[in-house]
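Taking it in order: structure first as structure tokens, then the write-up.
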Amino acid sequence: MSCLALSLQPANGSDILLQTREWFPPARALIALHAFRQTRLAFSNKSPSSVAATSSSSSSSTAETSAATESIGDDPLSASSGQLIVGVESKYRVVYRLVNSIYVLGITTADHDNSINVFECINIVNQAVSVIVTACRGVDVTPEKLSRKYAEVYMALDIVLRGVSNIRLAAMLSYMHGDGIAKMVHSALDTEAKIRGADTWPAVELHSTEHQSNIEAFSNASFELPPETLAAGDQKVSTIVPQSTIEQDEKMIKAEESEAEKDPFAASEAINKQEDLVGGFKKTKDPSATDLTLALAGLEVTTLPPAEATQSTDITVEGFEGKYGGIEFGSEQATLGEAFEGFTDAWGGGLDASEFLENKKVKKQEGLSGLELLQTGDSAAPTAAAAGAEGGKSLENLLVKSTEMKGPEMYILEEISAEFRESLLARVGLMGVVYLRTMPPKVSGDKDTEFSFRVEGTSSVKRFVIQSSRCSSLGNGMFHVRTAPSEEPIPILKYSLLPRLTPLPLRVRLIKRLSGTLLSVMIQYVSNPELLAPLTDVTFVLKLPVDPTLLKVSPKAVLNRSERELKWHVPEVPLKGTPGKLRVRMPLDSADIDEELEVVGYVKFSVQGATSLSGVCLKPATEGKTDFYEVNHRYQSGVYTCN
């Protein structure tokens with residue numbers, strides 16, 4: 001605040017009032033007021049030095065004082081307003097306004113770097129002038145009138161000194177006469193909000209809470225009118241609207257349709273009619289409908305020709321001798337290979353169906369040539385089961401069953417990064433992401449996935465980050481998620497662990513030795529014995545400083561010359577045992593020899609299991625309620641290096 005004190009100082013007499021801020025000592029304010037009074041009197045004809053000089057016997061002092069008095073003239077600080085810097089060691093800026101015979105003074109520090117807003121101090125002095133003018137009911141401000149309203153003026157200047165808006169100042173001044181100090185001070189707290197048309201938060205908070213609860217209740221509520229209510233509504237409407245009016249409207253619509261000319265080339269209305277496939281079949285509970293003999297009772301079967309018609313005709317015409325016509329029954333091909341036997345030569349032997357099918361007799365179906373499979377009912381169950389057992393399960397059914405989801409699934413994906421410098425751990429960090437896999441949109445439709453869950457095992461977690469558009473925190477490790485269905489997993493929660501509490505699945509050490517022109521590198525690795533399962537399919541990558549000409553490795557590794565990388569694949573790192581060793585030795589050219597050769601090793605691994613590496617787990621919000629299914633979690637290596 002730029003203004004440190006307010007004071008009322010009459011032109012003649014002692015100060016009437018002094019109001020200061022809490023951190024500004026009143027003694028310093030009195031020093032500034034005394035300096036202002038001395039300066040004002042020094043510039044006026046009533047200066048104490050002038051009086052002393054007149055009574056003095058020294059003629060030289062009298063001449064100088066009278067000359068100064070004549071050059072300055074009457075009180076130069078009697079102007080309506082202004083500002084003055086007073087003090088010797090501690091300088092203060094005094095902003096003043098003269099109202100009748102009362103000086104209204106505002107005291108602030110005299111700055112030289114423009115760090116204090118002088119205009120704000122001037123505004124406070126102007127507000128103080130409004131207070132005393134209102135208290136004296138006009139500009140005729142005197143110490144006697146101020147003494148009658150001293151308490152009101154004191155409290156009003158205290159509020160003005162701490163900063164007040166023009167709206168609240170006007171309200172305070174309106175309560176100064178007749179309403180008491182308490183109403184003047186306390187009734188102005190909400191005046192600005194009332195004048196601007198706003199309500200206080202305590203009055204509106206209840207409505208806001210009620211409105212929010214109503215929104216949640218209606219968003220979760222679903223109801224449907226019973227048929228009886230709809231029927232009663234239709235009956236009520238029919239009684240309100242005259243039946244004659246409805247009949248007249250229907251007759252007019254039919255008349256207009258009949259009068260309209262029909263286009264002879266217009267498409268038939270049957271095009272727009274939807275195909276009704278299932279509706280054409282009517283279910284019946286009659287057990288005789290499943291009897292196949294009744295269904296085939298009206299079926300007409302063409303009789304076979306007589307035996308004489310099946311015989312061939314012997315033709316003896318010259319040039320056309322031979323047997324023509326005739327039908328031979330029972331000569332069925334046994335296998336597909338025999339049926340295609342005549343075509344193998346034509347295709348150059350390229351098509352031989354016997355390579356794909358077993359060469360055995362096909363068992364002939366008994367009954368009505370397979371029509372018994374069409375029979376429905378209980379009697380057909382053994383036949384269908386037998387057919388299913390013989391044919392086996394189709395690949396599509398197996399895929400559908402393997403990917404079938406019972407409900408929303410959640411899992412944790414953690415990525416751990418670490419940097420080892422020889423055998424010391426330099427940096428480590430673990431970041432985990434909680435993913436939500438909703439039901440596919442084809443299955444759930446437009447229905448949102450909504451449930452609550454809690455996160456346990458968070459003693460080592462440094463902080464959580466929530467995707468606020470889909471998830472919200474309920475406190476005490478409880479979270480509520482609501483989102484639209486998606487084909488892809490949705491990240492809803494991220495967290496990071498404290499470095500000192502981050503578990504390390506694998507410790508790595510890189511040792512480098514340079515003997516003359518021979519560079520030897522060894523990587524040692526050992527697994528964390530507290531892991532639930534050993535690490536599998538671990539890849540170690542060694543970044544070589546130069547492209548090697550000769551290389552000796554143990555065990556075997558894969559060299560990538562373009563990337564200058566050497567890769568080892570370790571099938572499994574045992575939980576307990578001696579540390580594993582990966583060695584490489586290579587000669588260097590004399591130009592490549594440097595004590596600061598950079599050799600960096602990288603480790604890549606990925607583990608999937610029922611628990612996470614950090615120990616964080618997901619549980620339903622309510623015991624015994626399955627809102628989601630917790631599937632296998634996974635943790636993998638990020639930037640896992642050693643140098």
When rounded to the nearest 0.5 angstrom, what distance separates [atom1] in [X] from [atom2] in [Y]?
X      : Y      : atom1 : atom2 : value
Ile412 : His633 : CD1   : NE2   : 4.5 Å
Phe540 : Tyr640 : CZ    : OH    : 9.5 Å
Phe420 : Leu425 : CZ    : CG    : 5.0 Å
Met586 : Thr517 : CE    : OG1   : 11.0 Å
Glu22  : Leu4   : CD    : CG    : 11.0 Å
Arg437 : Glu409 : CZ    : CD    : 5.5 Å

Between [X] (side chain) and [Y] (backbone), is there a donor-acceptor pair under 3.5 Å?
X      : Y      : answer
Ser417 : Val639 : yes
Ser452 : Ala621 : no
Arg421 : Cys642 : no
Trp568 : Pro555 : yes
Ser486 : Glu488 : yes

With the side chain counted from C-beta on, respond yes when [X] and [Y] share a heavy-atom pair under 4.5 Å apart, and no when they do not.
X      : Y      : result
Leu510 : Leu542 : yes
Asp627 : Pro408 : no
Arg634 : Ser606 : yes
Arg585 : Leu519 : no
Val455 : Leu493 : yes
Val521 : Arg513 : no
Leu413 : Tyr435 : yes
Leu566 : Leu551 : yes

**OP:** Take Ile416 and Phe605 through the side-chain contact (heavy atoms from CB on, under 4.5 Å) test and state the conclusion after the steps.
**Re:** CA-CA 10 Å; Ile416 181 170; Phe605 56 86; 4.2 Å; yes

Under 3.5 Å, which donor-acceptor pairs do the side chains of residues 212-219 form with other protein atoms, sequence neighbours left out?
residue, atom, partner, partner atom, Å
Ser213, OG, Thr209, O, 3.2
Ser213, OG, Glu210, O, 2.7
Asn214, ND2, Glu210, O, 3.2
Ser219, OG, Ile215, O, 3.0
Ser219, OG, Glu216, O, 2.8

Original post:
For His211, does the NE2 atom have more than 12 heavy-atom neighbours from other residues, nucleotides or ligands under 6.0 Å away?
Top reply: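 Not more than 12 within 6.0 Å, no.
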
Subject >> CE (Met431) with more than 12 external heavy atoms under 6.0 Å >> reply: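 No, the 6.0 Å shell around CE holds no more than 12 heavy atoms from other groups.
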
Subject >> Residues that Gln636 engages under side chain to side chain donor-acceptor pair (under 3.5 Å), provided they are two or more places apart >> reply: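 Counting only residues at least two positions away or on another chain, Gln636 forms no side chain to side chain donor-acceptor pair (under 3.5 Å).
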
**OP:** Any chance you could lay out the side-chain contact (heavy atoms from CB on, under 4.5 Å) test for Cys617 and Glu630, step after step, and finish with the verdict?
**Re:** CA-CA 9 Å; Cys617 58; Glu630 185 179 9; 4.2 Å; yes

What's the shortest heavy-atom distance between [X] and [Y], and which atoms?
X      : Y      : answer
Val616 : Ser612 : O-OG, 2.7 Å
Leu535 : Tyr635 : CD2-OH, 3.7 Å
Lys576 : Pro529 : CG-CB, 4.4 Å
Thr438 : Met405 : O-CE, 3.6 Å
Val599 : Pro545 : CG2-CD, 4.0 Å
Asn528 : Leu575 : O-CD2, 3.7 Å

May I have the list of side-chain donor-acceptor pairs in residues 494-506 shorter than 3.5 Å, sequence neighbours left out?
residue, atom, partner, partner atom, Å
Tyr495, OH, Glu414, OE2, 2.5
Thr502, OG1, Leu498, O, 2.7

**OP:** List for me each residue that meets side chain to side chain contact (heavy atoms under 4.5 Å, CB included) alongside Lys406, sequence neighbours excluded, and say none if there are none.
**Re:**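 Result, side chain to side chain contact (heavy atoms under 4.5 Å, CB included) vs Lys406: Tyr629.
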
**OP:** Not counting sequence neighbours, which residues clear side chain to side chain contact (heavy atoms under 4.5 Å, CB included) with Glu487? List them please.
**Re:**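 Testing Glu487 for side chain to side chain contact (heavy atoms under 4.5 Å, CB included), a comparison that skips the adjacent residues, returns Pro440, Pro441.
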
**OP:** Identify whether the distance between the nearest side-chain nitrogen and carboxylate oxygen of Lys625 and Glu623 falls below 4.0 Å.
**Re:**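 No, this pair does not count.
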
Subject >> Charged N-O contact under 4.0 Å between Arg482 and Asp448 >> reply: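 Yes, this pair counts.
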
Please tabulate, one pair per line, all N/O donor-acceptor pairs under 3.5 Å involving side-chain atoms of residues 457-474, not counting sequence neighbours.
residue, atom, partner, partner atom, Å
Arg470, NE, Thr483, OG1, 3.0
Ser473, OG, Gly475, N, 3.4

**OP:** Start with the C-alpha gap between Asn643 and Glu598, add the side-chain angles, then the distance that decides, and say whether side-chain contact (heavy atoms from CB on, under 4.5 Å) holds.
**Re:** CA-CA 8 Å; Asn643 49 29; Glu598 185 178 2; over 6 Å; no

Original post:
Between Leu582 and Tyr525, is a side-chain contact (heavy atoms from CB on, under 4.5 Å) present by the stated rule, with each step listed?
Top reply: CA-CA 9 Å; Leu582 306 174; Tyr525 59 91; 3.9 Å; yes

